[in-house]
Participant: 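Sharing a structure with you now.
Values below: every heavy atom of this structure, side chains too, minus hydrogens, waters and symmetry copies.
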Amino acid sequence: MVEVHKVSGSPFDGNVYLILDEVPILVDAGMEPESTLRKIKKYIDPQEIEMIVLTHCHHDHSAGVPRLKEATGARVLIHEEEAGSLGDDMATVAYLFGLPAQEIEADGTLKEGDVLDLGEWKLSVLHTPGHSPGGICLYEPKAKVLFSGDTVFPQGNIGRTDLFAGCDADLIRSIERLTALDVEVLYPGHMEVVSGDVGRQIQASLRFARSIL
């Protein structure tokens, strides 16, 4: 039985998810690694974590990587379009937080169609640009779960496109893709996890995006 635990997240910090399968991983790294590590230790020895998968390079999702990588020894993976953006103040929008970007080097890259085999779960990598050029979502078709990063949020909310290299048209196309998925549980990059009626909420996100972008 796969377990998912939200081990970080606040109004300004990105959500961090610990997925406990045969291959334990983190989805995103947030900005508060010490707090995240304390929560991880309630469930698992951090050194058992094999991967840190970043949904995108923004500071609120990636700043915790150096400390978490040090504590876990995990490989850091990000979409190929953003591997060179880690450590860049503009691309990571670290300046919005009044902080410099962290010096991070990815251990590997992801692309559309890749599958992360965790054991019971096989997470499909969906390239969903718009909020950022290399944004991704992770979808598990059998469990019908979606880790949406900052592409869509609960209750019809969407990621912003007015940051570095954001694109309105790309975000709309990305959300259109998500409406075709059968999703029962949404793990967003911000806000709370939601289950039930998720498809309707993603449709609402698409309507909202089309109305304002």
Participant: Not counting sequence neighbours, list each pair that qualifies as a side chain to side chain donor-acceptor pair (under 3.5 Å) and has a residue in residues 170-183.
Facilitator: Glu112-Arg177, Lys144-Asp182, Asp170-Arg173, Glu176-Arg210
Participant: Quick one: ring-ring contact (aromatic ring centres under 6.0 Å, His included) partners of Phe208, sequence neighbours excluded?
Facilitator: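 Partners of Phe208 by the ring-ring contact (aromatic ring centres under 6.0 Å, His included) criterion come out as none, since no residue qualifies.
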Participant: Applying side chain to side chain donor-acceptor pair (under 3.5 Å) as the test, list every pair that has at least one member in residues 158-169; sequence neighbours left out.
Facilitator: Arg160-Asp162, Thr161-Asp168
Participant: Report yes or no: does Asp89 contribute a side-chain atom to a donor-acceptor pair with the main-chain N or O of Ala101 at less than 3.5 Å?
Facilitator: yes
Participant: Between Lys6 and Glu192, does at least one N-O distance fall below 4.0 Å, as a salt bridge requires?
Facilitator: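 Answer for the salt bridge query: yes.
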Participant: Using the test ring-ring contact (aromatic ring centres under 6.0 Å, His included), find all partners of Phe97 that sit at least two apart in sequence or belong to another chain.
Facilitator: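 Expected list: His59.
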Participant: How long is the span from the CD atom in Gln155 to the CG atom in Leu186, to the nearest 0.5 Å?
Facilitator: 10.0 Å
Participant: Quick one: NE2 on His79 to OG1 on Thr128, what's the gap to the nearest 0.5 Å?
Facilitator: 9.0 Å
Participant: Going by the rule side-chain contact (heavy atoms from CB on, under 4.5 Å), which residues pair with Pro66 if we only count those two or more places apart in sequence or in a different chain?
Facilitator: Gln102, Ile104
Participant: Does the distance from a Lys or Arg side-chain N to an Asp or Glu carboxylate O, for Glu50 and Arg75, drop under 4.0 Å?
Facilitator: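 Answer for the salt bridge query: no.
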Participant: Starting at CG of Asp21, measure out to CH2 of Trp121 and round the result to the nearest 0.5 Å.
Facilitator: 8.0 Å
Participant: Assess the side chains of Ser195 and Glu184: does a donor N or O sit below 3.5 Å from an acceptor N or O?
Facilitator: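 No - no donor-acceptor pair under 3.5 Å links their side chains.
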Participant: Which pairs count as ring pair (Phe, Tyr, Trp, His ring centres under 6.0 Å) when at least one residue sits in residues 13-36, sequence neighbours excluded?
Facilitator: Tyr17-Phe147, Tyr17-Tyr187
